[in-house]
S.K.: 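If you scroll down you'll find the structure; I have some questions about it.
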Amino acid sequence: MHDVRAIRLDPMAFDQGMARRGLPPVSEAILALDHARREAQTVLQEAQARRKQVAALIGKAKGAGDAAAAESHLAEAEALKDVIAAQTAAESDLAARLNALLAGLPNLPGATTPDGAGEGDNVEVRRWGQLWDNGPRRDHADLGAALGLMDFETAARLAGSRFVVLKGPLARLERALGQFMLDMQTTEHGYTEVSPPLLVRGQALYGTGQLPKFEEDLFHTTDDRWLIPTAEVSLTNLVAGELLDEGVLPLRMTALTPCFRAEAGASGRDTKGMIRQHQFNKVEMVSIVAPERSDEELERMTACAEAILKRLELPFRTMALCTGDLGFSARKTYDLEVWVASQGAYREISSCSNCGDFQARRMEARCRAPGEKGGRFVHTLNGSGLAVGRALVAVMEHYQDEDGAIAIPQALHAYLPGLSRITPAA
RNA sequence: GGAGAGGUGGCUGAGCGGUUGAAAGCACCGCACUCGAAAUGCGGCAUACCCGUAAGGGUAUCGGGGGUUCGAAUCCCCCCCUCUCCGCCA
């Protein structure tokens with residue numbers, strides 16, 4: 001959510017920010033609504049002030065037992081009633097329209113976010129790891145099917161397309177990956193483990209920015225709840241409506257949860273394999289920080305995600321998303337892209353974003369230093385650390401051998417006692 | 001799911017149709033006392049928005065939304081949440 005006063009103060013800067021995202025200027029429409037709303041509010045408030053005075057006079061007169069005096073004010077009070085009703089309706093209509101307009105606008109890109117039109121303009125920040133170059137690599141779906149441990153057909157019978165059934169050691173490997181990531185974030189990176197709700201109210205999704213604009217990407221339940229598309233929603237909304245003592249910041253939280261995405265509009269993309277599913281597991285990191293700390297926190301968080309890939313010895317590159325590829329709530333984002341051998345391409349496995357005060361405004365999440373008056377909106381960050389399903393894909397493809405067996409990364413040995421390779425016989 | 005009790009400022013907690021944005025306590029800030037601290041005393045201390053260059057003025061907010069009334073924290077309706085008991089259940 002944007003601060004109207006900031007837009008009022010510098011509409012050009014706002015339009016320029018939107019333009020960097022490839023969006024048309026809107027400040028004029030916003031300010032017109034804002035102006036009309038304030039005018040309506042002023043008129044309303046004057047009427048309310050008068051009503052208050054008159055009501056007090058009536059109360060005073062009645063208290064004094066002067067029925068005639070009370071009666072003399074009633075006519076004006078009656079008249080004010082209609083004025084106030086009409087003016088309230090006008091004001092709230094304008095406020096609702098202004099709010100709807102603002103709620104649908106994405107965050108302004110940060111100063112250090114590179115400009116660009118789309119994915120192709122993202123900027124590589126760094127690259128890590130050696131790409132193997134010893135012949136063609138089979139993709140994880142073929143490997144999994146050959147092992148008899150990854151079954152898309154049965155999953156489709158149960159649930160439809162974009163679901164998978166993992167079995168035996170492969171299911172165990174997936175579980176180990178999640179555990180490993182979660183343990184690293186909690187024991188090495190200082191994140192507090194949280195086990196949050198997977199179903200949330202619309203309010204929570206509004207807070208993080210998925211609603212109202214991206215309803216079609218979400219699963220909605222019959223009792224008007226929503227399946228979380230990421231634990232970012234649950235974790236970030238933990239501080240919704242809170243006034244936090246600045247001493248408790250930064251709050252760093254992590255969770256391993258299933259994520260549910262309708263993937264509307266993605267038909268035809270990544271239809272094979274586990275890259276794009278309706279349900280997948282992910283370890284999420286969320287940081288709640290004081291406003292002046294969010295830039296450094298983004299670097300830190302990104303490093304926490306990178307550390308997982310390094311430990312798994314999976315080659316990756318870190319991309320700074322350009323303005324055209326930036327998510328709705330983010331002002332700056334780093335994507336981690338892991339090497340997917342079968343595709344000969346880097347694919348997103350983590351996305352770490354600084355949302356500034358954008359989500360905090362929607363959630364009403366503030367902080368304040370002891371003795372300070374009022375409060376400031378906190379800054380919120382979220383990042384995957386990492387997407388477990390895609391990590392499984394990367395491990396399978398990276399650690400396969402010519403016989404179709406999968407070696408277990410060193411980092412996971414402690415989590416998989418007795419399992420050093422997944423072989424077709426297994 | 002059924003029955004009941006509640007949701008008031010950063011926290012605890014009074015108020016239960018009129019001058020109550022809201023008693024009191026705690027916390028916090030300032031001042032006094034003190035070598036200093038504690039204790040004590042005095043004072044201050046909600047948020048959002050609107051008008052105003054400012055000083056200042058105004059409006060709204062007592063879980064959320066409607067309603068009754070000249071006037072609602074107080075009355076009515078709907079919703080959300082918490083607690084107690086019963087039922088059901090991994």
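By convention in this document, chain letters (A, B, ...) are assigned in the order of the sequence lines, proteins followed by strands, and residues within each chain are numbered from 1.
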S.K.: Roughly how many Å is it from CD in Glu46(A) to C1' in rU59(B), rounded to a whole number?
M.R.: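 After rounding, the gap between these two atoms is 10 Å.
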
S.K.: Let me know the distance between CG of Leu243(A) and P of rA27(B), rounded to the nearest Å.
M.R.: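 In whole Å, rA27(B) P and Leu243(A) CG are 19 Å from each other.
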
S.K.: Could you give the distance separating rG30(B) and rG71(B) at their P atoms, to the nearest angstrom?
M.R.: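 So the two P atoms sit 45 Å from each other.
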
S.K.: Taking atom P in both rG9(B) and rA5(B), what distance in whole Å separates the two?
M.R.: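 That atom pair is separated by 22 Å.
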
S.K.: When rounded to the nearest Å, what value does the distance between C1' atoms of rG10(B) and rG44(B) take?
M.R.: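 Taking atom C1' in both rG10(B) and rG44(B), they lie 16 Å apart.
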
S.K.: For Met253(A) and Leu238(A): C-alpha separation, side-chain torsions, deciding distance, then whether side chain to side chain contact (heavy atoms under 4.5 Å, CB included) applies.
M.R.: CA-CA 10 Å; Met253(A) 298 169 287; Leu238(A) 251 28; 3.5 Å; yes

S.K.: Could you tell me how far apart Arg37(A) (CZ) and rC51(B) (C1') are, to the nearest whole angstrom?
M.R.: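 So the two atoms are 13 Å apart, to the nearest Å.
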
S.K.: Now, which nucleotide makes the Watson-Crick or G-U wobble pair with rC62(B), with each of the two distances under 3.5 Å?
M.R.: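 rC62(B) is paired with nothing.
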
S.K.: Nearest whole angstrom, please: distance from the P of rG64(B) to the CZ of Arg201(A).
M.R.: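 Result: 15 Å.
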
S.K.: Kindly say if Arg366(A) contacts the phosphate of rU47(B), meaning a side-chain N or O under 4.0 Å from OP1 or OP2.
M.R.: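 False: Arg366(A) side-chain N/O out of range (4.0 Å or more) of rU47(B) OP1/OP2.
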
S.K.: Within this structure, what is the CD-to-C1' distance between Gln41(A) and rC50(B), rounded to whole angstrom?
M.R.: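 Taking CD of Gln41(A) and C1' of rC50(B), I get 4 Å after rounding.
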
S.K.: What nucleic acid atoms does Ala77(A) come within less than 4.0 Å of, heavy atoms only: base, sugar-phosphate, or nothing?
M.R.: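 Counting heavy atoms under 4.0 Å across all strands, the contact made by Ala77(A) is with sugar-phosphate only.
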
S.K.: Answer yes or no: does a side-chain N or O of Arg5(A) lie under 4.0 Å from OP1 or OP2 of rC49(B)?
M.R.: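 Answer yes for this pair, as a side-chain N or O of Arg5(A) is under 4.0 Å from OP1 or OP2.
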
S.K.: For the C1' atoms, the ones on rG58(B) and on rG52(B), what distance do you get once it is rounded to whole angstrom?
M.R.: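 So the two C1' atoms sit 11 Å from each other.
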
S.K.: Looking just at side-chain N and O atoms, do Ser353(A) and Lys332(A) make a donor-acceptor pair shorter than 3.5 Å?
M.R.: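 Ser353(A) vs Lys332(A): no donor-acceptor pair found between side chains.
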
S.K.: Checking all strands, does Ala56(A) fall into the base, sugar-phosphate, or nothing category for heavy-atom contacts under 4.0 angstrom?
M.R.: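 Ala56(A): no heavy atom of the nucleic acid under 4.0 Å.
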
S.K.: Let me know, please, whether Arg225(A) or Asp3(A) comes out on the 5' side of the other along RNA chain B by nearest nucleotide.
M.R.: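 The answer here is Asp3(A).
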
S.K.: Counting only side-chain nitrogens and oxygens, does Arg38(A) get under 4.0 Å of the OP1 or OP2 atom of rC49(B)?
M.R.: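 For rC49(B), neither OP1 nor OP2 has a side-chain N or O of Arg38(A) closer than 4.0 Å.
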
S.K.: Which base sits across from rA73(B) as a Watson-Crick or G-U pair, both distances under 3.5 Å?
M.R.: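 Answer to the pairing question: none, since rA73(B) forms no Watson-Crick or G-U pair.
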
S.K.: Tell me the interatomic distance from Gln203(A), atom CD, to rC81(B), atom P, rounded to whole angstroms.
M.R.: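 Taking atom P of rC81(B) as the reference, CD of Gln203(A) is at 12 Å.
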
S.K.: If pairing requires Watson-Crick or G-U wobble contacts with both distances under 3.5 Å, which nucleotide is the partner of rA23(B)?
M.R.: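 Check on rA23(B): unpaired, no WC or wobble geometry under 3.5 Å.
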
S.K.: Check whether any side-chain N or O of Arg8(A) sits under 4.0 Å from OP1 or OP2 of rC50(B), and answer yes or no.
M.R.: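 Checking Arg8(A) against rC50(B): at least one side-chain N or O falls below 4.0 Å of OP1 or OP2.
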
S.K.: What interatomic distance, in whole Å, is found between C1' of rG65(B) and the corresponding atom of rU61(B)?
M.R.: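 Between the two C1' atoms, the distance is 14 Å.
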
S.K.: In whole angstrom, give the distance that lies between atom CG of Asp223(A) and atom P of rC80(B).
M.R.: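 Value for this atom pair: 10 Å.
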
S.K.: Which value, in whole Å, describes the distance between the P atoms of nucleotides rG25(B) and rA14(B)?
M.R.: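 Per the computed distance, 15 Å lies between those P atoms.
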
S.K.: Please name all residues satisfying salt bridge (charged side-chain N to carboxylate O under 4.0 Å, His left out) with Glu91(A), sequence neighbours left out, ordered by chain then number.
M.R.: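 Once residues adjacent in sequence are excluded, the partners of Glu91(A) under the salt bridge (charged side-chain N to carboxylate O under 4.0 Å, His left out) criterion are Arg37(A).
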
S.K.: Considering all heavy atoms of both residues, which atom of Leu94(A) and which atom of Ala40(A) are nearest to each other, and what is their separation?
M.R.: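 In terms of heavy atoms, the two residues are closest at CD1-CB, 4.1 Å.
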
S.K.: For the residue pair Arg362(A) and Tyr206(A), would you count it as a cation-pi contact if the rule is NZ or CZ under 6.0 angstrom from the ring centre and within 45 degrees of the ring axis?
M.R.: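 Relative to the ring axis of Tyr206(A), which defines the angle, Arg362(A) lies inside both limits.
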
S.K.: Can you tell which of rC50(B), rU19(B), rU69(B) lies closest to the side chain of Lys81(A)?
M.R.: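 Looking only at side-chain atoms, Lys81(A) lies closest to rU69(B).
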
S.K.: Taking CD from Gln48(A) and C1' from rG71(B), how many angstroms apart are they, rounded to a whole number?
M.R.: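 About 13 Å, once rounded to whole Å.
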
S.K.: Go ahead and name the base partner of rC28(B); Watson-Crick or wobble counts if both distances stay under 3.5 Å, otherwise write none.
M.R.: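 rG44(B) is the nucleotide pairing with rC28(B).
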
S.K.: For Arg293(A), I'd like to know if atom CZ has over 12 heavy atoms of other residues, nucleotides or ligands within 6.0 Å.
M.R.: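 At most 12 heavy atoms, drawn from other residues, nucleotides or ligands, come within 6.0 Å of this atom.
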
S.K.: Is there a Watson-Crick or G-U wobble partner for rU68(B) with both distances under 3.5 Å, and if so, which one is it?
M.R.: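 Pair assignment: rU68(B) / none.
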
S.K.: With both distances under 3.5 Å as the test, what is the Watson-Crick or G-U wobble partner of rU82(B)?
M.R.: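 Base-paired to rA5(B).
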
S.K.: What is the pairing partner of rC33(B), taking Watson-Crick or G-U wobble pairs with both distances under 3.5 Å in any strand?
M.R.: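 By the stated definition (distances under 3.5 Å), nothing pairs with rC33(B).
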
S.K.: Quantified in whole Å, what is the C1' atom distance between nucleotide rC45(B) and nucleotide rC11(B)?
M.R.: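 14 Å, rounded to whole Å.
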
S.K.: Can you tell me the base-pairing partner of rU53(B)? Count Watson-Crick or G-U wobble geometry only, both distances below 3.5 Å, and say none if there is no partner.
M.R.: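 By the stated definition (distances under 3.5 Å), nothing pairs with rU53(B).
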
S.K.: In whole Å, measure the gap between the P atoms of rG15(B) and rU74(B) for me.
M.R.: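 It comes out at 15 Å once rounded to the nearest Å.
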
S.K.: Heavy atoms under 4.0 Å, any strand shown: does Lys52(A) hit a base, just sugar-phosphate, or nothing?
M.R.: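 It contacts sugar-phosphate atoms only.
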
S.K.: Using the rule given for side chain to side chain contact (heavy atoms under 4.5 Å, CB included), can you reason through Ile228(A) versus Leu199(A), listing the C-alpha separation, both sets of side-chain angles and the distance that settles it, and then say yes or no?
M.R.: CA-CA 6 Å; Ile228(A) 57 169; Leu199(A) 286 166; over 6 Å; no

